[in-house]
Amino acid sequence: MSATIERYNHRTVEPKWQAHWTEHKSFEAKEEPGRPKYYVLEMFPYPSGRIHMGHVRNYTMGDVIARFRRAAGYNVLHPMGWDAFGMPAENAAIERGVHPKSWTYENIAAMRKQLKSMGLSLDWSREFATCDPEYYRHEQAMFIDFMEKGLVERKSSKVNWDPVDHTVLANEQVIDGRGWRSGALVEQRELSQWFLKITNYSQDLLQSLDRLDKWPEKVRLMQRNWIGRSEGLLLRWVLEGAPAGHTELEIYTTRPDTLFGASFMAIAADHPLAKAASADNPELAAFCESCRRMGTSVAAIETAEKMGFNTGLFATHPLDPDWKVPVYVANFILMDYGTGAIFGCPAHDQRDLDFARKYGLPVTPVVRPVDAVAAAQSEKDIAAGTAYDGDGVMVNSRFLDGMSPEAAFAGVADKLEKVLLAGRPVAARKVNFRLRDWGVSRQRYWGCPIPVIHCESCGIVPVPKKDLPVRLPEDVSFDKPGNPLAHHPTWKHVNCPSCGGRATRETDTFDTFIDSSWYYARFCSPHADVPVDPAAAKYWMGVDQYIGGIEHAILHLLYSRFYSRAMQATGHLHMDEPFTSLFTQGMVVHETFKSASGEWVFPTDAAKSENGWVHATTGEALTTGGIEKMSKSKKNVVDPDTIIESYGADTARWFMLSDTPPERDIEWTDAGAAGAWKFTQRLWRMVNETAVLGEKGSHDASGLPLRQTAHRTIAAVTDDLMNLRFNRAIARLYELANAVGTILQKDSRSAGENAALREAVESLVLLFAPMMPHLAEECWRVLGHGVAVVDTAWPKADPALTALNEVTVAIQVNGKRRDEIKVPKGATREVLEPMVMALESVSRALDGKPVSKFIVVPDRIVNIVCAN
RNA sequence: GCGGGCGUGGCGGAAUGGUAGACGCAACGGACUUAAAAUCCGUUGGAGGAAACUCCGUGUGGGUUCGAGUCCCACCGCCCGUACCA
């Protein structure tokens, strides 16, 4: 064995090839009409200052796809940028006195360097940050176009106010009643806000999910639920003894079929009728106030009892003038869904049943299961406090009796649509969505300024496009809480573009989700002086493979889908669905350690002793705290820089792809990383040992087995990479490496074996190149190639070599495996039967019993069935 | 509550309804070495057996099928998402 092979040194090799790729502009993409394109995009990072292992995993996957597609002949676009606006920059300014701009751009520089050390095949010539005026200028221009198109609305509304971050949050940013970033309890405030009319597209956004067949079903379902379509009926009830101006009460229901099961009305505490009725009823007013105070936290909702207050008012049943139903204010009715009022049908709605039982209201079942046993059961359940919400047949419902609930729905709707009340139909079919318009105003400095001017005489005036961008002023102070733009002495004072009079700028900035809602389109033409160059977008869009975390399943992905529609409506883009195929990768997790006093301990400080884990320096006993997502607070982070320095980028990349399927959480372990590193060294040795054997000779029969393995590996890895099954592709590569190693170990080899070896090793290098690009380049050079791997085509499997001419067929007797035989591929039953019946193992298993069936699955299995 | 996913060796995980455990890690045995590291070779689901071989085995219980980790039903457990949405 050649003992003179030097160890593979990633510290010199990796920077060398990175420089080569940069120098040769290997990854700069240009439109080439007629040539198939492939757009790979990973969700761009927030420039927090350092990349973490999650980034390493995300960008490695994207890079493998990009390099693989590139080798396979596609014109690949693989860009990178920075989601650079947002609160951490401002927090840094407040806490440490650094300017958000310098903080951000310094972080970008640091992270760019880190990403480059990973050897990603990115087109850096297209890089931008969303805080570049050259980027947000187009965002502002498009907003003005959206305004003209009626996609923007300014309205005073109750907003979620984050008292820690001093900003408004979108509903989507409120999690369990707390700010998604600060974790502070959210308050309700009344403010004038800018909204994007995403609800104009509710139906389209819902329906088009059906077209996104390359998205995970889970994400589509989450979006479906978020949009929350329901079909129901708006229904007006005449009120009796109501305060002035409240002659009727409009409710929304999805179950008009259960109208004859009505036993009470319930309205939200914020409903105008509740307010009016409270005026001369202090007790009611107090109850409404307590409902408002109850809050929206999950804990509050889960523990809250159904509570109500009888207003003393009555509503008249729309189908029976003599039927009067009491009106309650109830704590479980939300003002911002439907009309903030319902009719309660306790037998078929659990909340209504809880409420009715508490306040002694009637419970009349009106839907009965068709099956008699089920019907009896449902009656018992209802009496015991469990509502029945299944299908069945209508009862106790006059003209609806005997119908299905579906028919009854239509029966009630058809009838009441024709009944007039105060000159209007008393009922109207109505589709309701849970989706709200998107509030985009933020009272922050480090965001894209909203390009409008408030003029006392002209009102809202958009900034003329020639005056864009509206730049953020740089001389701001963060001494006072609230928005530095509002505090700035001069910035907001301008002349009205319309009348020339004194006016003020809007000081709110955009929600940063806007920045990330169109960046994918900007990458097509990052230097164009329009938001998106139509020809470039036409060529590159949509994104063929988008990769990111599941945490963006709703917000970012839904906003982006809306944005592309809005851009289409304003002529900026030619298509509506930006992401053709979506992949959501799992997290990187790591074991956690805790000291006896409950403090988190860095894994690097934990050592294994006979008595379990101890602190490496103090010797204190440690407990393992479970395998969790890497986070600074739990100290279970591994720094990518450290890993790349000690093992190299290729090893880190390889580990990230090995063993665990990409959609699952991967556990970072030192042993696993070390294993990956050993494999890089092994490949390096094999390549060197093969290289000295010289150029490829001619093939003969002795090399056939290895050639077959190599070509089958090419076919399998190609298929696996096409389908993002990285862990399987890697297993195949280990198999090929093992096969190569076996031949290399032999004391003597035939010329044919040497030729096969050369071919197998070259294939191996090209196949692992997307995962370990630096090692592949270096190996390729050692093998004597003058052209770099990035400029070499993906290997092709020879069908003659992947085809099997002999197959192993398993022999079963009564479904139990008893033997296996090697037979020519395609062996028929006529050939197989005598062979199989002659087997000693078969006659032993049959034990003289007659064969009743002889099943042949060609090239797979033979199953002999006999009486037992 | 509702919705979705998952449950396979010591571990990560393979397996178009067709030989369960590919591949890797760990462990054990061996070669090389003064020794160790590195490397290479071998063994490794459980039980029984000297061996041939036999039996058991994919959370539990049923079912469909010649054949089930895979499909169907019920249950148990874990994970994720989500909610007074009328």
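Numbers restart at 1 for each chain; the letters A, B, ... are given by sequence-line order, proteins then strands.
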Check whether any side-chain N or O of [X] sits under 4.0 Å from OP1 or OP2 of [N], and answer yes or no.
X	N	value
A:Lys816	B:C53	no
A:Arg844	B:U54	yes
A:Arg229	B:C85	no
A:Tyr337	B:A86	yes
A:Arg351	B:C85	yes

[atom1] atoms of [N] and [M], separation to the nearest Å:
N	M	atom1	result
B:G30	B:C80	P	46 Å
B:U8	B:G12	P	8 Å
B:G13	B:U33	C1'	36 Å
B:C23	B:A68	C1'	24 Å
B:G10	B:A26	C1'	8 Å
B:G61	B:G81	P	32 Å

Using atom CZ of A:Arg255 as one end and atom P of B:A86 as the other, report the distance to the nearest whole Å. 11 Å
May I ask which nucleotide in the shown strands pairs with [N], Watson-Crick or G-U wobble, both distances under 3.5 Å?
N	answer
B:C84	none
B:C53	B:G48
B:C66	B:G18
B:U43	B:A27
B:U33	none
B:C75	B:G59

Please determine, for the side chain of [X], which listed nucleotide ([options]) has the closest atom?
X	options	result
A:Arg434	B:C85, B:C55, B:U19	B:C85
A:Arg860	B:G18, B:A86, B:U54	B:G18
A:Asn331	B:A86, B:U19, B:C84	B:C84
A:Asn863	B:U19, B:A86, B:G18	B:G18

Within the 3.5 Å criterion, strictly below it, is a donor on [X] or [Y] matched to an acceptor on the partner's side chain?
X	Y	result
A:Ser658	A:Tyr734	no
A:Arg817	A:Asn863	no
A:Asp819	A:Ser841	yes
A:Asp437	A:Thr199	yes

Chi-based syn or anti call at B:G9, which uses purine or pyrimidine torsion atoms and a 90° bound: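 Chi for B:G9 falls in the syn range.
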So what does [X] hit on the nucleic acid, given a heavy-atom distance under 4.0 Å: a base, only sugar-phosphate, or nothing?
X	result
A:Leu221	sugar-phosphate
A:Tyr252	base
A:Ser852	nothing
A:Val857	base

Has the side chain of A:His317 got a donor or acceptor atom that lies under 3.5 Å from a matching backbone atom of A:Leu259? yes
A:Arg7 to A:Trp684 six-membered ring, cation-pi geometry met (6.0 Å, 45°): no
Report the residue (A:Val862 or A:Ser841) whose heavy-atom-nearest nucleotide on RNA chain B is the more 5′ of the two. A:Val862
Lys/Arg-Asp/Glu bridge criterion (N-O < 4.0 Å) met for A:Glu217, A:Arg224: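 Salt bridge present between A:Glu217 and A:Arg224.
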Salt-bridge test for A:Arg844 and A:Glu840: reply yes if a basic N is under 4.0 Å from a carboxylate O, no otherwise.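 Between A:Glu840 and A:Arg844 there is a salt bridge, with a charged N closer than 4.0 Å to a carboxylate O.
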From CA spacing to verdict: salt bridge (charged side-chain N to carboxylate O under 4.0 Å, His left out), A:Asp389, A:Arg255: CA-CA 10 Å; A:Asp389 61 3; A:Arg255 293 298 301 273; over 6 Å; no
Can you give me the N/O atom pairs linking the protein to nucleotides 38-41 of chain B at distances under 3.5 Å, or say none if there are none?
| from | atom 1 | to | atom 2 | distance (Å) |
| --- | --- | --- | --- | --- |
| B:U39 | O3' | A:Arg685 | NH2 | 3.3 |

Give me the distances for all protein-to-nucleotides 8-15 of chain B N/O pairs that come in under 3.5 Å?
| from | atom 1 | to | atom 2 | distance (Å) |
| --- | --- | --- | --- | --- |
| B:G12 | O2' | A:Thr660 | OG1 | 2.9 |
| B:G12 | N2 | A:Asp659 | OD1 | 3.0 |
| B:A14 | OP1 | A:Asn727 | ND2 | 3.4 |
| B:A15 | OP1 | A:Arg728 | NH1 | 2.1 |

Enter the distance from A:Thr651:OG1 to A:Lys678:NZ here, rounded to the nearest 0.5 Å. 12.5 Å
A quick test of your reading: do over 12 heavy atoms of other residues, nucleotides or ligands sit less than 6.0 Å from CD of A:Glu806? yes
